[in-house]
Amino acid sequence: MSDTTSSRAESSPTRDLPKSPGSAFEGRTFYIKTFGCQMNVHDSERMAGLLSAEGGQPVSEPQTADIILVNTCTIRDKADQKALSDLGRIRQVRKDGPGTILAVTGCMAQREGEEIFRLVPDVDLILGPSQIRNLIPLLDTAAEKNSRVDGTLWPVPEMTTPPALRPPGVSAFLTVQEGCDKACAYCVVPATRGAERSRPVGDILQEAEDLVSMGYREITLLGQNVNGYGKKGDTAGASFPELLQRLSEIPGLLRVRFTTSHPMDMSDALIEVMATAPRVMPHLHLPVQSGSDRMLEKMQRGYDLKTYRRWVEKLREKVPAAALTTDLIVGFCSETEDDFQQTLSAVEEFRFDGAFAFIYSPRPSTPAHGWGETPPREVSVERLERLQKRVEQQSMERNQSLVGTEIEILTEKWDPETRTAFGRTPQFLTVRAIVSPDQSDPVPGDLLTVHISQAARAGLKGNASPHA
Ligand code: 5AD
Ligand code: SF4
C-alpha cells in the first residue's frame with residue numbers, strides 16, 4: 001500500500017449524512033490529520049462520518065477545532081517521527097478550554113498505548129484502528145471525565161461499518177477485510193490491526209450500491225490481505241473472487257480495484273475473475289519483499305521465489321494486460337550483497353509496473369525486533385537507491401512503450417480552461433488528456449479513449465479520441 005499524508009476528509013465539502021437529533025456534538029468543529037496507508041485514509045473518512053452524523057462540522061485548521069484527531073501510522077520509525085512532530089506542532093496551536101479534545105488514533109496509538117500520554121503530555125484520548133466504532137462514546141467519556149482515556153483498553157466492538165464521510169469524487173475506498181493473521185517477522189500490522197476478519201458480502205454490496213447512487217464510479221476494496229477475504233467463513237458464503245464478480249455486476253459501477261493481496265492467499269479463481277470480469281481492473285499489487293529465498297524465509301513470508309513466479313506467470317498468461325506492482329524491503333536482518341543482487345534480479349525478471357521500496361526499520365512488538373545484524377545504514381541507503389533507480393527506468397520504458405496506443409481512462413477531473421481531463425488507465429497509470437474544442441466536455445465519471453502521445457515517469461499525456 002502506498003503511504004499518504006493528508007487532511008482531506010476535513011477540508012472537503014460535506015455530504016449529507018443522517019444526523020442524530022440533539023447530539024452533544026452539534027455544531028462542534030473537528031479536524032483530522034491522517035498519516036499512513038489507504039486503510040488509514042478510509043479510517044479517517046469513517047471517523048469524519050461518525051462525527052458528522054452527530055452534528056460535528058469539519059474544519060481545515062487545527063486552531064479552530066474543538067476536537068482534533070491525529071490518525072497515525074507506525075509501519076516504520078519515520079512514520080512515528082512524523083506523527084510525533086505533527087503532534088508537537090498541533091499541541092502548540094490547539095484551542096484551550098473545556099470540551100476541547102486532542103485524540104491520537106491509528107496504529108501508533110495502538111502500539112504505544114498509554115506511552116503516548118508521556119510522549120505528548122496534553123493528549124486526552126487514544127484509540128487504535130479497531131476502536132473506531134467506539135469513537136463517539138470515547139470522546140464523550142474523555143469530555144465528561146476531563147481526564148485521559150485509553151481507548152485501546154476498551155473491548156473491541158463488532159465489525160460493523162460506520163458511515164464514512166468521503167471526499168466527493170469518482171473513486172471511493174471500501175473496506176472488505178481488516179487485520180492480519182500472517183506473521184511477517186518485520187511487520188507491526190498484526191499487533192496494531194488485530195486478527196483477520198471479513199465483512200459479510202451483503203453489507204459490502206449494499207455499501208457499493210449506495211456509493212454508485214451517490215455518484216461514485218470506481219471503488220477500491222481495502223484490506224490488509226484483501227484476497228484472504230472470507231477464508232474464515234465469516235462473510236456469509238462469498239470468497240474474494242465471488243465478491244469481485246458480484247460487485248462487477250452492479251449497474252453504474254465502472255471499475256473495481258483491490259489492494260493489498262498476499263502471495264499466500266492467491267488463487268486461480270482470483271486470476272480467472274480478473275480475466276473474465278471486464279470491470280475488475282487488471283492491476284495486482286502483490287508484495288514480493290525480497291528476491292532471496294533466504295531472506296523470504298527469515299522474513300517468515302511463507303513462500304519462496306518459485307511460488308511467487310508461478311503466480312506471476314499465471315497472471316500474465318491469463319491477463320496479459322495486467323499491471324503488477326510490488327513492495328520491496330532492503331537491509332533486512334543479515335541481508336548480504338548477494339541477497340540484494342537476487343532482489344535486483346527479481347526486479348529484472350518480473351519487470352514490475354511499479355514498486356514501493358523501503359529500508360527495513362526494526363519495530364517493537366515484531367518477531368525480528370532485536371535480531372540485529374542489519375547492514376550498515378549507508379549500505380542499505382545505497383541498495384535502496386540502486387533498486388529505485390532500476391524500478392524507475394523500467395517504469396519509464398514501459399510508459400514509453402505505450403506512446404501511440406489508445407487507452408481508456410476514467411475521468412476524475414476536468415479543467416475547462418486548459419481543456420484537460422485527468423484520469424487513470426485500467427492499470428492505474430495517470431493520464432492527462434487534451435480534449436479538442438469541437439469535442440463535447442467530459443464530466444468526472446466519463447470513460448474517455450485517449451491517444452497517448454507522450455510518456456514521463458509519473459504518467460502519460462495524450463489527446464482524447466473523438467467519441468464514436
Ligand atoms: N520496515 C520496512 N518496511 C516495512 N514494511 C512493513 N514493515 C516494514 C518495516 N518494519 C513494508 C512492506 C509492506 C509495506 C506496506 O511496508 O514492504 O508490504
Ligand atoms: Fe497502514 Fe500499516 Fe501504517 Fe497502520 S501501520 S497505518 S496498517 S501502513
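Counting from 1, the numbers follow the sequence of the chain as shown. Values below: all heavy atoms of this structure, side chains included; hydrogens, waters and symmetry mates excluded. Remember, predicted model here, so these are calculated numbers, not experimental data.
- Residues R419 and D441 are paired through a salt bridge, judged by an N-O separation under 4.0 Å between the basic side chain and the carboxylate.
- Distance alone, capped at 3.5 Å, places no donor-acceptor pair between the N399 side chain and the A455 backbone.
- V256 places none of its side-chain heavy atoms less than 4.5 Å from the side chain of E218.
- Using a distance-only test at 3.5 Å, with no hydrogens or angles considered, a donor-acceptor pair links the side chain of D446 to the main chain of V443.
- A cation-pi contact links R76 to F358, judged by a cut-off of 6.0 Å to the six-membered ring centre and 45° from its axis.
- Shown are I409, V435, L447; of these, the side-chain contact (heavy atoms from CB on, under 4.5 Å) with P442 is made only by V435.
- Applying the salt bridge (Lys or Arg N to Asp or Glu O under 4.0 Å) test to residues at least two apart or on different chains, none of the pairs has a partner in residues 246-255.
- With no hydrogens or angles considered, a side-chain donor-acceptor pair links N71 and S44 at under 3.5 Å.
- The two residues M396 and A456 make their nearest non-hydrogen contact at SD-C, 3.7 Å.
- A cation-pi contact, defined as under 6.0 Å to the ring centre and within 45° of the axis, links R424 to F428.
- Inter-residue side-chain proximity for V431 and K461 is flagged as unmet; no heavy-atom pair is nearer than 4.5 Å.
- Scanning both residues, T175 and H42, for their nearest heavy atoms gives OG1-CD2, 3.1 Å.
- At a threshold of 4.0 Å, the pair R199-E178 does not count as salt-bridged, since none of the basic side-chain nitrogens sits closer than that to a carboxylate oxygen.
- Ion pairing between R363 and D80 holds under the 4.0 Å rule for side-chain N and carboxylate O.
- A salt bridge is absent between E61 and R89; no separation between the charged side-chain nitrogens and carboxylate oxygens falls under 4.0 Å.
- Residue R193 places its CZ atom among more than 12 non-hydrogen atoms of other residues, nucleotides or ligands, all under 6.0 Å distant.
- Here the shortest heavy-atom pairing between V273 and L244 reads CG1-CD1, 3.8 Å.
- Between the side chain of D415 and the backbone N or O of E417 there is at least one donor-acceptor pair closer than 3.5 Å.
- Cation-pi geometry between K413 and F422 is met: the NZ or CZ atom falls under 6.0 Å from the ring centre, inside 45° of the normal.
- Side-chain atoms of T192 and Q110 form no donor-acceptor pair, as typed in the model, at a separation below 3.5 Å.
- For Q427 and H283, the side-chain atoms include no donor-acceptor pair closer than 3.5 Å.
- Side-chain atoms of Y186 and Q289 form a donor-acceptor pair, as typed in the model, at a separation below 3.5 Å.
- The pair E317-R310 does not count as a salt bridge, with every side-chain nitrogen at least 4.0 angstrom from each carboxylate oxygen.
- No donor-acceptor distance shorter than 3.5 angstrom exists from the side chain of E209 to the backbone of I250, with no hydrogens or angles considered.
- Under 4.0 Å is where a charged nitrogen must lie from a carboxylate oxygen, and between D338 and R294 no such pair does.
- Taking the charged nitrogens against the carboxylate oxygens, E337 and R386 do have a contact shorter than 4.0 Å, which makes a salt bridge.
- H285 and T259 form no side-chain donor-acceptor contact under 3.5 Å, judged by distance and modelled atom types alone.
- For F258, the ring-ring contact (aromatic ring centres under 6.0 Å, His included) partners at least two apart in sequence or on another chain are F240.
- Using modelled atom types, no side-chain atom of E408 and backbone atom of L448 make a donor-acceptor pair closer than 3.5 Å.
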